[in-house]
Amino acid sequence: MSANFDLKGRVALVTGASSGFGEHFVRVLAAAGAQVVAGARREDRLHRLVAEVGPERALAVAMDVTDAASVAAAFAAAEARFGTVDVLVNNAGVAAPGMVHKASEADWDWVVDTNLKGAWLVAAEAARRLLAAGKGGAIVNIASVLGMATSRGHGIYSATKAGVIQLTKHMALELAGKGIRVNAICPGYFKTEMNDAYFDSAAGQQYIAATPGGRLGRMDEIDGPLLLLASDAGSFINGALLPVDGGHLVMSI
Ligand SMILES: NC(=O)c1ccc[n+]([C@@H]2O[C@H](COP(=O)([O-])OP(=O)(O)OC[C@H]3O[C@@H](n4cnc5c(N)ncnc54)[C@H](OP(=O)(O)O)[C@@H]3O)[C@@H](O)[C@H]2O)c1
């Protein structure tokens with residue numbers, strides 16, 4: 001096998017690392033050899049994660065992705081400790097379920113600021129620092145199947161994830177000549193703090209049973225896709241959208 005999934009010598013930054021996918025991604029990237037910066041607002045959780053992964057290979061940074069100054073400070077802290085971030089997993093996200101016409105302006109601002117503005121602020125900061133350092137890198141945006149499909153009650157979230165997908169393609173286009181690859185994973189449903197109450201309910205279980213795979217994803221089923229896009233194994237993959245959804249998007253209508 002010639003594919004190289006090894007991340008030794010790489011510096012990864014994961015946003016939304018205090019729970020769910022982000023926490024998992026920190027463990028996966030560290031196990032693949034990277035030094036990993038774990039960013040989110042709940043610092044106590046980040047410190048616990050870093051203690052588990054090993055303080056020599058991980059760093060906790062307080063980071064609010066909606067705030068440009070906080071994003072810049074997190075990258076500066078990462079750079080001071082490990083060097084230029086060359087693998088970014090742009091993962092922080094929130095959801096405020098509800099019909100589009102009933103949503104409040106506050107819900108719109110919260111979801112759009114976190115999922116879309118936040119993804120842009122973080123990816124742009126990573127790109128500027130890589131360009132300044134003359135280095136290549138990999139940006140992996142965590143979009144969603146809802147960036148490609150619809151689901152009643154998830155319109156605003158879905159619009160932000162469609163925005164992340166377009167952001168991914170444009171950044172891939174603009175940075176391709178600089179050795180910076182920008183791709184997106186579009187997860188289907190995995191149980192995390194964002195949705196566990198729903199998937200533990202009878203309605204949630206019925207919903208999942210009706211999907212083609214008939215089950216939620218297991219966390220380890222996103223490891224391969226993440227490492228493919230983050231490592232040299234994916235060195236010619238740029239601007240790609242990778243659904244990891246057990247076939248949910250190809251559901252028969
Ligand atoms: N689970 C799924 O089925 C699924 C499916 C498709 C896509 N996704 C996407 O996967 C990503 C991770 O979600 P998850 O399922 O793992 O949910 P989660 O467990 O609720 O994690 C969300 C993370 O985002 C962070 N976050 C929220 N607002 C933030 C902010 N302003 N600044 C920094 N961090 C912030 C949270 O940390 P703090 O609160 O500590 O800041 C938390 O670590 C999201 O982008 C989500 O849209 C999830």
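Below, each value reflects all heavy atoms present in this structure, side chains not excepted, and no hydrogens, waters or symmetry copies. Indexing begins at 1, ligand by ligand and atom by atom, following the structure's order.
- Of the candidates Glu43, Arg41, His24, Lys161, the one placing a heavy atom closest to atom 30 (C) of ligand 1 is Arg41.
- Using cut-offs of 30° and 60° on the angle between ring planes, the pair Tyr207 and Phe199 is tilted.
- Closest protein heavy atom to atom 22 (C) of ligand 1: Gly93 O, 3.5 Å.
- Of the heavy atoms in Thr114, only side-chain atoms (C-beta onward) come closer than 4.0 Å to ligand 1.
- With a 4.5 Å cut-off on side-chain heavy atoms, Ile222 and His24 count as touching.
- Of all heavy-atom pairs between Ala62 and Ser70, the closest is O-OG, 4.3 Å.
- No part of Cys186 comes within 4.0 Å of ligand 1, judged by heavy-atom distances.
- Counting the atoms of ligand 1 from 1 in the order shown, those under 4.0 Å from a heavy atom of Asn195 are 1 (N), 2 (C), 3 (O).
- Looking only at heavy atoms of the protein, atom 11 (C) of ligand 1 is closest to Asn91 O, 3.0 Å.
- Selection from Trp110, Phe190, Tyr157 by nearest heavy atom to atom 3 (O) of ligand 1 gives Phe190.
- Among protein heavy atoms, the minimum distance from atom 13 (O) of ligand 1 is reached at Met194 CE, 3.8 Å.
- In this structure, the side chain of Asn195 engages the main chain of Phe190 through a donor-acceptor pair within 3.5 Å.
- Gly39 does not count as a contact of ligand 1, since none of its heavy atoms falls under 4.0 Å from the ligand.
- Within a 6.0 Å sphere centred on CD of Glu56, other residues, nucleotides and ligands contribute more than 12 heavy atoms.
- Looking only at distances, no side-chain donor or acceptor of Asp86 sits under 3.5 Å from a matching main-chain atom of Gly136.
- Side-chain contact between Ile142 and Pro187 is present, with heavy atoms from C-beta onward closer than 4.5 Å.
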Next on the checklist: Between Leu59 and Val50, does the side chain to side chain contact (heavy atoms under 4.5 Å, CB included) criterion hold? Intermediate values first, please.
Outcome noted: CA-CA 6 Å; Leu59 173 73; Val50 166; 5.6 Å; no
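- Scanning the protein for heavy atoms near atom 43 (O) of ligand 1, the closest one is Ser18 OG, 2.8 Å.
- In terms of protein heavy atoms, atom 31 (N) of ligand 1 is closest to Asp64 OD1, 2.9 Å.
- Linking ILVMFWY residues whenever their side-chain heavy atoms come closer than 4.5 Å, directly or via other members, places Leu88 and Val65 in the same cluster.
- Residue Gly16 has at least one nitrogen or oxygen atom sitting less than 3.5 Å from a nitrogen or oxygen atom of ligand 1, judged on distance alone.
- Nearest protein heavy-atom contact of atom 32 (N) of ligand 1 is Val65 N, 2.9 Å.
- Shortest contact from atom 19 (O) of ligand 1 to any protein heavy atom: Ser19 OG, 2.8 Å.
- Close approach to Met63 involves these atoms of ligand 1, each under 4.0 Å from a residue heavy atom: 32 (N), 33 (C).
- Heavy-atom separations between Ile142 and ligand 1 include at least one value shorter than 4.0 Å.
- Heavy-atom proximity to Tyr189, at under 4.0 Å, picks out these atoms of ligand 1: 3 (O).
- The ligand atoms of ligand 1 that sit less than 4.0 angstrom from a heavy atom of Glu193 are 19 (O).
- Ring geometry for Phe25 against Phe21 counts as parallel: the plane angle stays under 30°, on a 0 to 90° scale with 60° as the upper cut.
- Atom 26 (N) of ligand 1 has Ala92 CB, 3.9 Å as its closest protein atom, hydrogens excluded (heavy atom only).
- Look at Asp107 and Lys102 and you find no salt bridge, because none of the NZ, NE, NH1 or NH2 atoms lies under 4.0 Å from a carboxylate O.
- For the pair Phe21 and ligand 1, the shortest N or O to N or O distance falls below 3.5 Å.
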Item to check | Steps toward side chain to side chain contact (heavy atoms under 4.5 Å, CB included) verdict (Met63, Phe75) | outcome: CA-CA 9 Å; Met63 180 181 194; Phe75 274 84; 4.2 Å; yes
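- A salt bridge between Arg48 and Glu52 is absent, with no side-chain N of the basic residue lying under 4.0 Å from a carboxylate O of the acidic one.
- Those atoms of ligand 1 with a heavy atom of Gly20 less than 4.0 angstrom away are 16 (O), 19 (O).
- Salt-bridge check for Arg42 with Glu193: passed, with a basic side-chain N closer than 4.0 Å to an acidic carboxylate O.
- Under the 4.0 angstrom criterion for non-hydrogen atoms, Ala143 is in contact with ligand 1.
- The side chain of Val94, and not its backbone, has at least one atom closer than 4.0 Å to an atom of ligand 1 (non-hydrogen atoms only; side chain from C-beta on).
- With a 4.0 Å cut-off on non-hydrogen atoms, Asn115 does not touch ligand 1 at all.
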